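Here the structure comes first, spelled out in structure tokens, and everything after it is commentary.
Not measured: the values here are computed from a predicted model.
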Amino acid sequence: MKHLFTFLLIITSYFTFGQKFSQENTSVQPNPLHQLRIYEIPKENKQVFLDRFRDHALRIMKKYGFTIVAIWESEFREKTEFVYLLEWKNEDAMKTAWEGFMADKEWKEIKAKTAKQYGNFVNDIEDRTLKLIDFSPEKKLLK
């Protein structure tokens, strides 16, 4: 009887502590964070801006872990806009990537050179952090 009690105690504690341990180690991935960037760009520098973004910004952003979902062009209230959507693992990843990108020596040199050659590239920037609602049909835009 003593051995049966010890055996039951061991089995009970295994299931109790084993279940708790597995629940603690099951990490639920939080929903990704999205960032919407809207740049109002001067019409006279539109193509130069697009070339600079395509040829330089995309490459340098990739180095810092940027994940671009899509890029659009928009005409809104007689303004030319360049719009893109980013997907981030979390806010810390977003902040770290932007700090690295903005401090990147090559990017700073490219911006200075093109600004000196062509003038103003961006009139205004709108930056929106988008957090998914729990009933959103898509949790992650990129597969």
So, for [X] and [Y], which heavy atoms are closest and what is the spacing to 0.1 Å?
X    : Y    : answer
P42  : F121 : CD-O, 3.2 Å
L58  : I68  : CD2-CD1, 3.2 Å
E87  : P32  : CG-CB, 3.9 Å
D55  : R59  : O-NE, 3.7 Å
A97  : Y64  : CB-O, 3.3 Å
G119 : N45  : C-ND2, 4.2 Å

Requested in this report: Say whether, by atom type as modelled, one donor and one acceptor occur between the side chain of N90 and the main chain of A93 under 3.5 angstrom.
Outcome: yes
Report task. Indicate yes or no: at least one non-hydrogen side-chain atom of K111 is less than 4.5 angstrom from one of M102. Result -> yes
Could you grab the distance from atom [atom1] of [X] to atom [atom2] of [Y], nearest 0.5 Å is fine?
X    : Y    : atom1 : atom2 : value
M94  : L33  : CE    : CG    : 5.0 Å
I110 : K113 : CD1   : NZ    : 8.5 Å
E106 : F101 : CD    : CZ    : 10.0 Å
K79  : N123 : NZ    : CG    : 8.5 Å
K95  : T129 : NZ    : OG1   : 12.5 Å
I38  : R128 : CD1   : CZ    : 4.0 Å

Query raised in the report: Do E81 and K46 meet the salt-bridge criterion of a basic N to acidic O distance under 4.0 Å?
Result: no
Query - L86 vs V69, side chain to side chain contact (heavy atoms under 4.5 Å, CB included): CA-CA, chis, key distance, verdict - result: CA-CA 5 Å; L86 298 156; V69 176; over 6 Å; no
Query - Option from D127, L130, L85 for which side-chain contact (heavy atoms from CB on, under 4.5 Å) with Q35 holds - result: D127
Query raised in the report: Should we say atom NZ of K43 is surrounded by more than 12 heavy atoms from elsewhere, each under 6.0 Å from it?
Result: yes
Query raised in the report: Does the ring centre of F66 sit less than 6.0 Å away from the ring centre of W98?
Result: yes
Query raised in the report: Are the aromatic ring centres of Y84 and Y39 under 6.0 angstrom apart?
Result: yes
Query raised in the report: Could you go step by step and tell me if R37 and I125 meet the side chain to side chain contact (heavy atoms under 4.5 Å, CB included) rule?
Result: CA-CA 7 Å; R37 304 273 297 180; I125 299 175; 3.8 Å; yes
Query raised in the report: Please walk me through it: do W72 and F82 pass ring-ring contact (aromatic ring centres under 6.0 Å, His included)?
Result: CA-CA 6 Å; W72 301 271; F82 177 81; 9.7 Å; no
Query raised in the report: Could you go step by step and tell me if V122 and F49 meet the side chain to side chain contact (heavy atoms under 4.5 Å, CB included) rule?
Result: CA-CA 8 Å; V122 179; F49 174 90; 3.8 Å; yes
Report task. Take E40 and T80, measure what side chain to side chain donor-acceptor pair (under 3.5 Å) needs, and give me the verdict at the end. Result -> CA-CA 6 Å; E40 180 193 332; T80 300; over 6 Å; no
